Amino acid sequence: MKIEWAPVKVPPKRRLETLVTGLFTLFFFTLPLTSFLTMALLLYFGGFIIRTLLVIYTAYIYIEHKRTYSAMDGNGWMLNRTNCLYRIYRNYFPVQLVKTADLPPNRNYILASFPHGILGTGICINMGLDISLWLKHFPQVRPKVGTLDQHFVIPFLRDLLRWWGLVSVSKESLVYYLTKSNDPKHSDNRDGFTSNAVAILVGGAQEALDSHPGKYILTLKNRKGFVKMAIRTGSSIVPTISFGEVDIFDQVNNPPDSLLRRLQTMVKKLTGISPLIPVGRGFFNYTFGFVPYRRPIVQVVGAPIDVVQSAQPDPAYVDELHGKVMEALERMFDQYKDKYMPNATKTQLVIH
């Protein structure tokens, strides 16, 4: 394999962006493992006081998660939601946010987000790490990103995720955020925000398995839980597509009938996590490594689809709304792909 090396003369700004992005990516890929390893090292090398505090801390976050779903009201510390490091990370690709319609802050929202890609980078930057563009486009609407519930009982990992605006996608957690009052005078809204918008990567781990550059394969046809949640909580559904999300990483070839895919599927069923083998570039080469490719990601936020609230969603109404979401995604894809994608004429949206 011939290695394509990066030029020797590269502007320092781009070098810095590559370094920051590489370190962030390595950190995100290894977060659960790093959290467990940190805990193990502290328990092994720490004294009696440290070990006691760690046991108390672990017991506390487990009990607190059962009680409150590790909820983090408000936007948290803005230093953890927008700073110069996160902007460097954003500018590496770069990641953009496109508004196509208003999201009035008088209701709560579920953002049905596609595609998942390898890490869901566009969504996590726009609505988690660096929310400056989101707040500019959608004032008074708090951005949240849903992730696996089990992450919130892992020491250290749990607190990092909460600081970045990530929330559990358990039913109890979603109900908590999506039934929050929108009254400006309510005590929960003393921060000046009156609405919550929770982004859910609906395709999840299954969709991640299909992520390859230029392939927009969505896992949606049999995913209706987010629609039922929207009906139960009266939340509007907002379809959103992140163009370029699938292009920043490739992964080892894993066709549906391959041994690798069967092993990945088995692990996914056991843990809820797909054991992906991502392929990117290196710090000083463009051929292999774990650093994502420098390719733009554009998250296009569609118009909200309003729902009629009901404690017991009617199956026919669920199917109707689910169909509207699929139609909206197909319409958005056709409308914006030529503007935000290379080789758009050769790229089709596939919904499984």
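Here the structure is a predicted model, which is why all the values come from computation and not from measurement.
- Between the CD atom of Gln264 and the CD atom of Gln206 there is a distance of 10.0 Å, given to the nearest 0.5 Å.
- Between the Arg294 side chain and the Glu17 main chain, no donor and acceptor come within less than 3.5 Å of each other.
- Note on Leu26: it clusters hydrophobically with Ile88, by side-chain heavy-atom contacts below 4.5 Å among ILVMFWY residues.
- Atom CD1 in Ile237 sits 10.5 Å away from atom CG in Leu111 (nearest 0.5 Å).
- With sequence neighbours excluded, the residues that form a salt bridge (Lys or Arg N to Asp or Glu O under 4.0 Å) with Asp210 are Arg261.
- Remark: side-chain polar atoms of Tyr62 are not paired, donor with acceptor, to backbone N or O of Tyr57 under 3.5 angstrom.
- Closest approach of Val307 to Ala230, counting heavy atoms only: CG2-O, 3.5 Å.
- One side chain, Asn189 or Arg142, offers a donor N or O that lies under 3.5 Å from an acceptor on the other.
- Within a 6.0 Å radius of CZ in Phe36, no more than 12 heavy atoms belonging to other residues, nucleotides or ligands are found.
- Asp334 pairs in a side chain to side chain contact (heavy atoms under 4.5 Å, CB included) with only one of the listed residues (Arg331, Lys337, Met332), which is Lys337.
- Exactly one of Asp188, Thr194, Thr233 qualifies for a side chain to side chain donor-acceptor pair (under 3.5 Å) with Lys180. That residue is Asp188.
- Among Leu129, Val95, Ile297, the one residue that satisfies the side chain to side chain contact (heavy atoms under 4.5 Å, CB included) test with Arg90 is Val95.
- Asn285 contributes a side-chain N or O that, together with a main-chain N or O of Phe288, makes up a donor-acceptor pair within less than 3.5 Å.
- Taking Lys228 as the reference, Arg232, Pro313, Val318 meet the side chain to side chain contact (heavy atoms under 4.5 Å, CB included) condition, with sequence neighbours excluded.
- In this structure, Leu329 CG and Phe114 CZ are separated by 5.5 Å, a value rounded to the nearest 0.5 Å.
- More than 12 heavy atoms of other residues, nucleotides or ligands sit less than 6.0 Å from atom CZ of Phe28.
- Other residues, nucleotides and ligands contribute at most 12 non-hydrogen atoms within 6.0 Å of the CD1 atom of Ile49.
- Going from atom CZ of Phe93 over to atom CG of Asn91 covers 10.5 Å, rounded to the nearest 0.5 Å.
- Taken to the nearest 0.5 Å, the CG atom of Asn80 stands 12.0 Å off from the CG atom of Asp130.
- Between Phe290 and Pro278, the closest side-chain pair of non-hydrogen atoms is not below 4.5 Å.
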Taking it one step at a time, do Ser132 and Arg81 satisfy side-chain hydrogen bond (donor to acceptor under 3.5 Å, both in side chains)? CA-CA 8 Å; Ser132 54; Arg81 306 297 300 277; over 6 Å; no

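- With hydrogens and angles ignored, the 3.5 Å screen pairs a side-chain donor or acceptor of Asp314 with a backbone N or O of Tyr317.
- You'll find the side chain of Leu174 reaches within 4.5 Å of the side chain of Ile200, heavy atoms only.
- Within the 4.5 Å cutoff, the side chain of Val20 has no heavy atoms near those of the Tyr92 side chain.
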Note to self: Is there a ring pair (Phe, Tyr, Trp, His ring centres under 6.0 Å) between Phe249 and Phe29? Walk through the geometry before answering.
What the structure shows: CA-CA 13 Å; Phe249 282 109; Phe29 274 138; 5.7 Å; yes

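- Note that the CD1 atom of Ile61 and the CD1 atom of Ile56 stand 13.0 Å from one another [nearest 0.5 Å].
- A tilted orientation is assigned to the rings of Phe226 and His322, their planes being inclined by 30° to 60°.
- Both Val227 and Val175 are members of a single hydrophobic cluster when ILVMFWY side chains are connected at heavy-atom separations under 4.5 Å.
- Within the 3.5 Å criterion, the main-chain N or O of Leu119 finds no donor-acceptor partner in the side chain of Thr121.
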(message) Between Phe24 and Tyr86, is the ring pair (Phe, Tyr, Trp, His ring centres under 6.0 Å) condition met? List the steps.
(response) CA-CA 9 Å; Phe24 266 125; Tyr86 299 157; 5.7 Å; yes

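- Connection of Trp163 to Met127 is established within a shared hydrophobic cluster, with ILVMFWY side chains joined at heavy-atom distances below 4.5 Å, either directly or through further cluster members.
- For Ser173 (side chain) and Ser170 (main-chain N/O), no donor-acceptor pair under 3.5 Å exists by modelled atom type.
- In the hydrophobic clustering of ILVMFWY residues, with side-chain heavy atoms under 4.5 Å counting as a link, Val153 and Met72 come out apart.
- Annotation: side chain of Leu263 is not in contact with side chain of Ser258 (no heavy-atom distance under 4.5 Å).
- In terms of heavy atoms, Leu79 sits closest to Asn83 at O-ND2, 2.7 Å.
- When the ring-ring contact (aromatic ring centres under 6.0 Å, His included) test is applied to Tyr177, no partner is found at least two apart in sequence or on another chain.
- Residues meeting the salt bridge (Lys or Arg N to Asp or Glu O under 4.0 Å) test with Arg51, sequence neighbours left out: none.
- In this structure, Gln251 contributes its side chain and Leu209 its backbone to a donor-acceptor pair below 3.5 Å.
- Side-chain contact between Trp134 and Leu103 is present, with at least one heavy-atom pair separated by less than 4.5 Å.
- Remark: Ser236 pairs with Arg107, Tyr109, Pro304, Asp306 by the side chain to side chain contact (heavy atoms under 4.5 Å, CB included) rule, at least two apart or across chains.
- Lys99 places a side-chain N or O within donor-acceptor distance of the main-chain N or O of His137, the cut-off being under 3.5 Å.
- Looking only at side-chain heavy atoms (C-beta outward), Arg87 and Thr82 come within less than 4.5 Å of each other.
- At least one side-chain heavy atom of Asn253 sits under 4.5 Å from a side-chain heavy atom of Pro255.
- Using a 4.5 Å heavy-atom threshold, the side chains of Asn126 and Val301 count as separate.
- The backbone N or O of Ser242 sits nowhere less than 3.5 Å from a side-chain atom of Gln299 that would complete a donor-acceptor pair.
- Judged as a side chain to side chain contact (heavy atoms under 4.5 Å, CB included), and not counting sequence neighbours, the contacts of Ala6 are Arg15, Tyr286.
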Query - Criterion side-chain contact (heavy atoms from CB on, under 4.5 Å) on Glu245 and Tyr216, from CA distance to verdict - result: CA-CA 9 Å; Glu245 182 68 52; Tyr216 284 79; over 6 Å; no

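- Residues Arg67 and Glu64 are paired through a salt bridge, judged by an N-O separation under 4.0 Å between the basic side chain and the carboxylate.
- A donor-acceptor contact shorter than 3.5 Å links the side chain of Thr25 to the backbone of Thr21.
- Hydrophobic clustering of Ile, Leu, Val, Met, Phe, Trp and Tyr side chains at less than 4.5 Å, counting indirect connections, unites Leu85 with Leu19.
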